[in-house]
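Residues take their numbers from the sequence shown, with the count starting at 1.
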Amino acid sequence: MPKVLIADDNAEMLETLEQIFTFYQFDVVKAKDGKEAVEAADKQLPDLVVLDGMMPVMDGFEACKVLKGKSKTKDIPVVFLTANYIDVKDRITGFELGADDYILKPFNSKELVTRCKKILQRHNMMSMLRNKNEELNTKNKKIEDELANLLERSKINDDTTFIDNVTGLYNYSFFQKRLKEEFLRAKRHENELSIVIVGFRNLEKINEVFGHQIGNYIIMKMANSLLNKTRTSDVLARSDNDRFYIILPQTDAQGCYFEAERIRVTLSSVNYFDDDLIETIKYPKRRISDFQNIGINLGVATYPMEGEIIREDYELLNYAEEAFKKSRAAGDDITVAYGVLESRNN
């Protein structure tokens, strides 16, 4: 049963709100001013806070500011329910303080509860995102251990990081560093070295329609799928432009192509808009199918390469980028190996 904290200096309104939320199966905590609301939230940790705008001792705006400024309560969703502050500038102020919704009195009780439930659904989804990210970080313990050793060897500052904050994978800076190291090692020992670039055509459209929170949720699903399909020796990273980069040491052109194809087939079969996500977003279910096809493109390149002299790591990366661009130009769900192979998911 979700717990809601309601704060209103009008005793009759407070009782009315208690009856409404109780009827809709909420556990209710009451406060008669903003100061009481802040104290109650700190002790009770409700799932949702509903604040009147004008209250004695501390008004709703100040109470929201205090709640959002404390680490213990900053993530609790806040809804303003007021009859006094009705101007657009007041609403803007409320949202700037971190409120999730701004509702005017008089109100429809069913609409109020419905909007509060939707906010709780979004909040729960974000909690789920954080949990998935933690799971991803746990699965990627190898990266954390390797990073710790690297930091110790290099004696770099604690505030320097090579971890992507969305997925918990390596970021692009670390990918570049490791590519240089692996390329020198491949040249020295005369081993093969391959690169796979993975991109998604429709992520930008998903971000525009549903917002970056939903986009990040899908990126994390992709990262989990990639982690499960890469080897311990592979280096998996994500760039800021939502591409994934994979270094495959001691992997020849044919082996790299087969690995890329396995990745393509896996990512194509993932259900990115699962039931939990569909239930959370406000979008017609029949239209969700328009976004199920993420539009996957893969470009791969391998050192050494027949017919090409590759002296530096960035040259190998440039060949992989060219293969990726060719894949993009050809359509969706395509793997292109530079100058060699191409496969389409028909």
Side-chain angles (χ1 to χ4, degrees), residues 1-127 129-130 209-214 279-283:
M1 181 181 295
K3 182 187 295 184
V4 59
L5 167 62
I6 51 177
D8 201 303
D9 61 321
N10 185 312
E12 291 183 5
M13 177 57 68
L14 199 59
E15 183 178 351
T16 299
L17 289 172
E18 180 182 20
Q19 291 174 354
I20 291 171
F21 281 105
T22 300
F23 177 80
Y24 283 99
Q25 304 299 307
F26 280 77
D27 185 12
V28 178
V29 179
K30 295 184 292 183
K32 64 178 182 293
D33 57 54
K35 185 173 182 295
E36 277 194 10
V38 170
E39 293 171 350
D42 193 62
K43 293 178 182 178
Q44 300 278 349
L45 292 179
D47 300 298
L48 180 73
V49 176
V50 178
L51 296 172
D52 185 20
M54 184 179 291
M55 291 184 289
V57 185
M58 180 188 292
D59 66 18
F61 295 103
E62 183 62 26
C64 182
K65 183 178 179 180
V66 173
L67 289 171
K68 294 300 179 181
K70 299 174 69 173
S71 59
K72 194 174 181 181
T73 56
K74 65 182 178 67
D75 293 325
I76 300 176
V78 173
V79 174
F80 277 100
L81 182 63
T82 181
N84 304 102
Y85 298 104
I86 61 174
D87 292 339
V88 172
K89 63 180 180 62
D90 298 320
R91 295 191 183 203
I92 293 174
T93 299
F95 286 121
E96 287 178 343
L97 288 172
D100 293 82
D101 206 345
Y102 200 100
I103 303 172
L104 300 180
K105 299 174 183 175
F107 59 88
N108 178 283
S109 60
K110 188 172 182 180
E111 180 187 358
L112 169 66
V113 174
T114 298
R115 289 165 72 166
C116 287
K117 285 184 175 180
K118 287 294 183 183
I119 290 170
L120 287 175
Q121 286 179 346
R122 290 198 300 271
H123 180 70
N124 291 337
M125 189 201 72
M126 291 309 301
S127 297
L129 289 179
R130 285 191 291 269
V209 175
F210 302 108
H212 284 275
Q213 291 177 346
I214 302 300
E279 197 171 313
T280 300
I281 58 181
K282 297 178 179 179
Y283 205 79

Item to check | Polar side-chain atom of Asp42 near backbone of Val38 as donor-acceptor pair, under 3.5 Å | outcome: no
To the nearest 0.5 Å, tell me how far [X] [atom1] sits from [Y] [atom2].
{"X": "Asn84", "Y": "Lys105", "atom1": "CG", "atom2": "NZ", "result": "7.5 Å"}
{"X": "Met54", "Y": "Asp9", "atom1": "CE", "atom2": "CG", "result": "9.0 Å"}
{"X": "Gln44", "Y": "Leu5", "atom1": "CD", "atom2": "CG", "result": "8.0 Å"}
{"X": "Lys3", "Y": "Phe26", "atom1": "NZ", "atom2": "CZ", "result": "13.0 Å"}
{"X": "Leu67", "Y": "Leu97", "atom1": "CG", "atom2": "CG", "result": "10.5 Å"}
{"X": "Lys65", "Y": "Thr93", "atom1": "NZ", "atom2": "OG1", "result": "11.5 Å"}

Next on the checklist: Please determine whether side-chain contact (heavy atoms from CB on, under 4.5 Å) holds for the pair Met58 and Asp33, giving the CA-CA distance in whole Å, both sets of side-chain angles, and the decisive distance to 0.1 Å.
Outcome noted: CA-CA 6 Å; Met58 180 188 292; Asp33 57 54; 5.6 Å; no
How close do [X] and [Y] get, heavy atom to heavy atom, and via which atoms?
{"X": "Gly94", "Y": "Phe80", "value": "CA-CE1, 3.9 Å"}
{"X": "Pro2", "Y": "Gln25", "value": "CD-O, 3.7 Å"}
{"X": "Ala37", "Y": "Ala31", "value": "N-CB, 3.5 Å"}
{"X": "Lys72", "Y": "Leu45", "value": "O-CD2, 3.7 Å"}

Is there a side-chain contact between [X] and [Y], using heavy atoms and a 4.5 Å cut-off?
{"X": "Asp52", "Y": "Asn10", "result": "no"}
{"X": "Leu48", "Y": "His123", "result": "no"}
{"X": "Val88", "Y": "Ile92", "result": "yes"}
{"X": "Tyr102", "Y": "Asp90", "result": "yes"}
{"X": "Val4", "Y": "Ile6", "result": "yes"}

Item to check | Criterion side-chain contact (heavy atoms from CB on, under 4.5 Å) on Leu81 and Ile103, from CA distance to verdict | outcome: CA-CA 5 Å; Leu81 182 63; Ile103 303 172; 3.7 Å; yes
Checklist entry - Could you walk me through whether Phe21 and Cys116 pass the side-chain contact (heavy atoms from CB on, under 4.5 Å) check? => result CA-CA 10 Å; Phe21 281 105; Cys116 287; 4.0 Å; yes
Item to check | salt bridge (Lys or Arg N to Asp or Glu O under 4.0 Å) against Asp75, all qualifying residues, sequence neighbours excluded | outcome: none
Item to check | For Asp59, all residues meeting salt bridge (Lys or Arg N to Asp or Glu O under 4.0 Å), sequence neighbours excluded | outcome: none
Checklist entry - Centroid-to-centroid, Phe61 to Tyr85, below 6.0 Å? => result yes
Item to check | Pairing of Asp101 and Arg122 as salt bridge, 4.0 angstrom limit | outcome: no
Checklist entry - Does CD in Glu15 sit with more than 12 non-hydrogen atoms of other residues, nucleotides or ligands closer than 6.0 Å? => result no
Next on the checklist: Which residue is it: Lys35, Glu36, Lys30? I am looking for the one with a side-chain contact (heavy atoms from CB on, under 4.5 Å) to Lys32.
Outcome noted: Glu36
Checklist entry - Yes or no on side-chain contact (heavy atoms from CB on, under 4.5 Å) for Leu17 and Leu112, after CA distance, side-chain angles and deciding distance? => result CA-CA 10 Å; Leu17 289 172; Leu112 169 66; 3.9 Å; yes
Item to check | By side-chain contact (heavy atoms from CB on, under 4.5 Å) - contacts of Lys68 (at least two apart) | outcome: Cys64, Val78, Asp100
